[in-house]
2 protein chains.
Amino acid sequence: MPVQRAKKQPSPSGRSLEHPDRADIRLEGVLHALSDPMRLQIVRDLAAGEGELNCSVFDLPVSKSTTTHHFRVLRENGVVRQIYRGTAKMNALRREDLEALFPGLLDSVLTAASLQASRPGGES
Amino acid sequence: MPVQRAKKQPSPSGRSLEHPDRADIRLEGVLHALSDPMRLQIVRDLAAGEGELNCSVFDLPVSKSTTTHHFRVLRENGVVRQIYRGTAKMNALRREDLEALFPGLLDSVLTAASLQASRPGGES
DNA sequence: CTCGTACTACGAGGGTTATCGTACGACCAG
DNA sequence: CTGGTCGTACGATAACCCTCGTAGTACGAG
């Protein structure tokens with residue numbers, strides 16, 4: 001899908017991030033976003049920490065560019081919301097929107113991920 | 001993920017299909033399998049029809065090769081079980097396995113798909 | 001045996017994704 | 001203003017995925 005790469009606004013005052021409206025969030029997109037181990041891990045960490053989390057708290061085994069890329073995928077598919085706070089970028093799950101659109105989905109995915117992680121060979 | 005393409009057994013008596021053991025089913029794989037609109041539709045139809053369904057009941061807007069491909073993805077990720085019955089191949093959801101591994105997941109995905117389909121622009 | 005049906009295997013195309021390195025822009029502290 | 005930290009943009013590469021057409025195998029009916 002032509003993900004319509006926002007035209008890099010000059011953003012006069014502060015940087016702005018593109019987020020889809022609640023009504024534009026698609027189930028396939030959410031599932032695809034969660035189907036990558038890296039991104040699933042991010043979402044799990046995000047769900048564990050109550051509030052917002054800084055990008056760099058995550059100790060991912062990939063480069064910074066790649067991390068940015070994954071956060072972008074999560075954002076463009078409506079899974080997380082990102083906002084700038086000074087030099088840091090805070091990330092938060094869009095729990096309410098997801099719950100309204102797909103009730104129970106996020107919880108069952110998180111539960112499933114936990115179960116799988118505690119399975120023999122689950123972390124592989 | 002290196003999907004480990006079964007070595008094309010000569011299958012002496014009857015054709016055999018490779019299915020992952022319950023313990024080998026991975027959440028990421030299931031989510032990936034469901035993140036394609038075509039496959040999600042297949043799973044929805046499968047869930048609607050109580051029992052097994054023949055491959056050709058599905059009226060998909062793609063060629064037969066492509067259909068085979070999608071069923072293969074679903075099978076290799078542990079979402080469906082396929083067996084030959086004469087010249088036809090019957091398909092069934094692996095409800096029990098999925099429920100045991102990821103309780104509630106399949107149901108919430110199916111519910112979410114229904115909700116989205118009845119949304120304005122849901123079928124697009 | 002021969003034919004038709006059902007589905008698979010293979011190979012190829014075109015598009016998307018994951019990953020990286022390097023260079024740049026935004027912000028805070030001196 | 002200078003420097004350091006944080007994150008982005010861009011370009012490149014390799015891998016992957018969806019799609020297809022063609023050719024082939026397995027099975028049942030005649």
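Below, chains carry the letters A, B, ... as their sequence lines are ordered, and counting in each starts from 1. Owing to the predicted nature of the structure, the values given are computational and were not obtained by experimental measurement.
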Novice: Any non-hydrogen side-chain atom of B:F102 less than 4.5 Å from a side-chain atom of A:L115?
Specialist: no
Novice: Got a list of protein N/O to nucleotides 21-24 of chain C N/O distances below 3.5 Å?
Specialist:
| unit_1 | atom_1 | unit_2 | atom_2 | d |
| --- | --- | --- | --- | --- |
| C:dG21 | N7 | A:S65 | OG | 3.2 |
| C:dG21 | O6 | A:S65 | OG | 2.9 |

Novice: To the nearest Å, give me how far apart CZ (A:R72) and P (C:dT16) are.
Specialist: 14 Å
Novice: Specify the separation, in whole Å, of atom CE of A:M90 and atom C1' of D:dC6.
Specialist: 13 Å
Novice: D:dC27 phosphate, OP1 or OP2: any side-chain N/O from B:R85 under 4.0 angstrom?
Specialist: no
Novice: Between B:I42 (CD1) and D:dC18 (C1'), how many Å, whole number?
Specialist: 13 Å
Novice: Just by modelled atom types, is the A:L27 backbone N or O under 3.5 Å from a matching donor or acceptor in the B:Q116 side chain?
Specialist: yes
Novice: Would you call A:R95-A:E99 a salt bridge at under 4.0 Å N-O?
Specialist: no
Novice: Can you tell me the distance, in whole Å, between the CG atom of B:L17 and the C1' atom of D:dA26?
Specialist: 13 Å
Novice: Could you state the CD-C1' distance from A:E28 to D:dC18, rounded to the nearest angstrom?
Specialist: 15 Å
Novice: Once you round it to whole Å, what is the distance between C1' of C:dA9 and CD of B:E18?
Specialist: 15 Å
Novice: So, is A:H70 near the phosphate of C:dT19, with a side-chain N or O under 4.0 Å from OP1 or OP2?
Specialist: yes
Novice: With sequence neighbours excluded, tell me which residues meet salt bridge (Lys or Arg N to Asp or Glu O under 4.0 Å) with B:R94.
Specialist: B:D97
Novice: What is the distance from NE2 of A:H69 to C1' of D:dC10, rounded to the nearest Å?
Specialist: 14 Å
